[in-house]
Amino acid sequence: MIRFENVTKRYRGTSKPALSSVDFEVQRGEFVFLVGASGSGKSSCLRLILREDVPTSGRVAVLGRDLRALANRKVPYFRRHIGSVFQDFRLLPSKTVYQNVAFTLQVTGSSRGFIQQAVPEALALVGLDGKQKRMPHELSGGEQQRVAIARALVNRPQVLLADEPTGNLDPATSVDIMQLLARINAGGTTVLMATHEAGFVDQMQRRVIELRDGEMVRDEVHGGYGDTSNIPRLVPEEVRGAAAAAALTAVQEVQRQTADLSVVRAALAEELSTQRKAAASAAPTVDRDGETVIPPAPRTVEPPEPARSPEPDAANVVEPPAVVEPPAPIRPRTHPITLPTVDVAELGVADRLGLSDEDDEEVGPTS
Ligand code: ADP
Ligand code: MG
């Protein structure tokens, strides 16, 4: 889905390359952290993926396209398959939340009907329904980043690139955003997130690609279990108070949740299939909010084990854990689970997030 082949990037007027012989491949549906100190080349990588820049040597292929061979006039179409979010949110300050999310669709010529459906769905997905009319300055930092994420997702991109998306946020809010990105990934969107917060990432059990001075020094499938002795840990000594403890609890909960992502995705796909079958065989009913109500699917599995994440609630945390233990390794589940946290409204959104069978094709021929 994203492939770097021996990529070197040298900026004009600099002696050292920003990227040296970088080689990796990201598969569809993966969640990958791109970590490294400031200046290590993370943003340069993301710019190459977006075709905002081209390598000095080597090859970058994204969604089956060799970006070197991609004509300039095709770049805007290519980018519609890639959502991106940044540390500084980049919202339009004079537009409302709704208008910020709708804007890209408007300029790319989406129909009014599509916009009216897609924007509220994207805002619901990021937990911002009800704030459509707010201006960006009336929102917290975390909420502004949620708007940016809704905007990035509204066009159903196959890939979400996030460049230090938590860089301007406090630890508890950062965890909320991480949970949201994990959930988006569970819906099938490939996520590549650049961050310099290595300690935080090391607790997430996701693939980690580390850059140091433009060179790839690590690529670990479950991340964070190599030598972490010199990586700062997210412990209460560093981020004091109950909020930090709540953040830790939430990080560990994200780990547990995301261990089951394949199960979650399969369950979502099953729900969608049931939804389609139900739509084909019976007229859907409409509830009083105007939402289409799908009759519950017959279940062939055991009642669900609750897999809800507790909201990080600083007030309820009495005893912060003294030390963060590395989480237990992921083991295969010994009992089936279903998806208790997914409601019908969310299923509508799942379709937009790349779970749809119809949207499986690549942008162009694989090269
Ligand atoms: P990171 O995102 O990890 O902080 P960057 O990719 O932004 O790293 O930068 C990698 C290196 O490339 C740094 O040394 C930076 O100064 C240099 N660099 C980035 N962009 C440019 C540019 N447009 N012109 C010259 N040097 C650049
Ligand atoms: Mg950067």
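Bear in mind that the values here come from a model prediction, so they are computed numbers and not experimental data. The first residue in the sequence is number 1, and the count goes up from there. Remember, it's 1-based here, ligands and their atoms both numbered in the order they're listed.
Hydrophobic cluster membership of Val107, counting Ile, Leu, Val, Met, Phe, Trp and Tyr whose side-chain heavy atoms lie under 4.5 Å apart directly or via other members: Leu92, Phe103.
A donor-acceptor pair is defined here as one N or O able to donate and one able to accept, closer than 3.5 Å; no such pair exists between the side chain of Arg10 and the backbone of Leu19. Of the possible donor and acceptor atoms, none in the side chain of Asp163 sits under 3.5 Å from a partner among the backbone N and O of Ala194.
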Filter the ligand 1-protein atom pairs down to N or O on both sides and distance under 3.5 Å, then list them.
from	atom 1	to	atom 2	distance (Å)
ligand 1	2 (O)	Ser43	N	2.9
ligand 1	2 (O)	Ser43	OG	2.8
ligand 1	3 (O)	Ser40	N	3.2
ligand 1	3 (O)	Ser40	OG	3.4
ligand 1	3 (O)	Gly41	N	3.0
ligand 1	3 (O)	Lys42	N	2.9
ligand 1	3 (O)	Lys42	NZ	2.8
ligand 1	4 (O)	Gly39	N	2.6
ligand 1	6 (O)	Ser44	N	2.9
ligand 1	6 (O)	Ser44	OG	2.6
ligand 1	8 (O)	Gly41	N	3.1
ligand 1	20 (N)	Arg47	NH2	3.4

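Shown here are the salt bridge (Lys or Arg N to Asp or Glu O under 4.0 Å) partners of Arg80, two or more places apart in sequence or in another chain: there are none.
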Before giving the answer on side chain to side chain donor-acceptor pair (under 3.5 Å), spell out for Thr56 and Tyr11 the whole-Å C-alpha distance, their side-chain angles and the decisive distance to 0.1 Å.
CA-CA 8 Å; Thr56 310; Tyr11 290 106; over 6 Å; no

Should Asp176 and Thr173 be marked as a side chain to side chain donor-acceptor pair (under 3.5 Å) after you check the CA-CA gap, both sets of side-chain angles, and the distance that decides it?
CA-CA 5 Å; Asp176 288 346; Thr173 309; 5.2 Å; no

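Summarising the geometry, atom CG belonging to Leu139 is positioned 11.0 Å from atom CZ belonging to Arg146; distances are rounded to the nearest 0.5 Å.
Of all protein atoms, those of element N, O or S that lie under 2.8 Å from the Mg ion (ligand 2) number 1.
Linking Ile, Leu, Val, Met, Phe, Trp and Tyr whenever their side-chain heavy atoms come within less than 4.5 Å puts Val75 and Leu48 in one cluster.
Pairing each heavy atom of Ser40 with each of Ala37, the nearest pair is OG-O, 2.7 Å.
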